[in-house]
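Structure, as structure tokens:
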Amino acid sequence: MTPGEFLSSLYQQSLLSVEDLIYKALWGDLVAATVVCARPLGPGASLRIDHTLEYVIPHTTDRYRKETDERGDCFSSTRASLRSVTDLAPVLMDWLDKNTDGPLDFGILHPGGPAILAKLATALDVDEQFTRHSRDVLAEEGNLGGPTIFSVLERTYRTPPVHGACGLVFGLGPGVAMGALLATWTEPQA
């Protein structure tokens, strides 16, 4: 899988709302690659995907969207976008309740923005340790589009959870769409 996203193509210098200025400050461009396979390809830790979830909140295409006018393309959102994590929480929590036996041990969360991470942490009832890699990526690199999740994954590999730990991989997108993976961290047997 090789995702790439060039968010700078959606900047419009003439747009100066608070939201537009925040997007310009947080966003950048990034391309990343990973290999997803049915079994480990060699020695080393791996992230086993156990369950997947995709969900779109009905009638939310206005929350995050691309608009095109005489200036070109630009990203736009409404204040309703701030409710997205709260609106998705019941679906996410129901899915987690059906597919986990206990609390989550780690998170690989797309760092969409500080409010998204804070609301997600509240919904999941997790501490700052759970979101630390996502918050650090947001502070040090910004939101570089979908591939930013791989920066969070890289940090997780550098300071890995224990063998058998249960984690959540999570991201939001336009629509408002949610993608989530329930994963287990595995270490090779000694």
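Quick caveat, the model's predicted, so the values are computed rather than measured. Along the sequence shown, residues are numbered consecutively beginning with 1. Every heavy atom of this structure was used, including side-chain atoms; hydrogens, water molecules and symmetry mates were not.
The shortest side-chain heavy-atom distance between Asn99 and Asp50 does not fall under the 4.5 Å cut-off.
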List the steps, then state whether side-chain hydrogen bond (donor to acceptor under 3.5 Å, both in side chains) holds for Thr159 with His133. CA-CA 10 Å; Thr159 57; His133 293 315; 3.1 Å; yes

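Residues Thr148 and Pro111 come closest through the heavy atom pair CG2-CG, 3.4 Å. Here the shortest heavy-atom pairing between Thr52 and Trp95 reads O-NE1, 3.5 Å. Taking each heavy atom of Ser84 and Ile57 in turn, the nearest pair found is O-CD1, 3.8 Å. Minimum heavy-atom separation, Tyr157 to Pro160: O-CD, 3.5 Å.
Taking OG1 from Thr184 and CZ from Arg48, the interatomic distance works out to 4.0 Å, rounded to the nearest 0.5 Å. The distance from atom CH2 of Trp185 to atom CG of Asp105, rounded to the nearest 0.5 Å, is 12.5 Å. Of the inter-residue distances, the one linking Leu120 atom CG with Leu92 atom CG reads 7.0 Å to the nearest 0.5 angstrom. Note that the OG atom of Ser151 and the NE2 atom of His110 stand 9.0 Å from one another [nearest 0.5 Å]. In this structure, CG on Leu153 lies 11.5 Å from CG on Leu109, to the nearest 0.5 angstrom. Between atom CG of residue Leu47 and atom OG1 of residue Thr186 there is a gap of 7.5 Å, rounded to the nearest 0.5 Å.
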Could you tabulate the donor-acceptor pairs under 3.5 Å formed by side-chain atoms of residues 164-178, not counting sequence neighbours?
none

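Taking hydrophobic clusters as Ile, Leu, Val, Met, Phe, Trp and Tyr residues chained together by side-chain heavy-atom distances below 4.5 Å, Leu117 shares a cluster with Met93. Taking hydrophobic clusters as Ile, Leu, Val, Met, Phe, Trp and Tyr residues chained together by side-chain heavy-atom distances below 4.5 Å, Leu96 shares a cluster with Val91.
Paired with Leu124 under the rule side chain to side chain contact (heavy atoms under 4.5 Å, CB included), one option of Thr131, Val85, Leu104 passes, and it is Leu104.
A 6.0 Å sphere centred on CG of Asp127 holds more than 12 heavy atoms belonging to other residues, nucleotides or ligands.
Scored by the side chain to side chain donor-acceptor pair (under 3.5 Å) test, Glu140 finds Arg155 as partners (sequence neighbours excluded).
For the pair His51 (side chain) and Leu182 (backbone), a donor-acceptor distance under 3.5 Å is absent.
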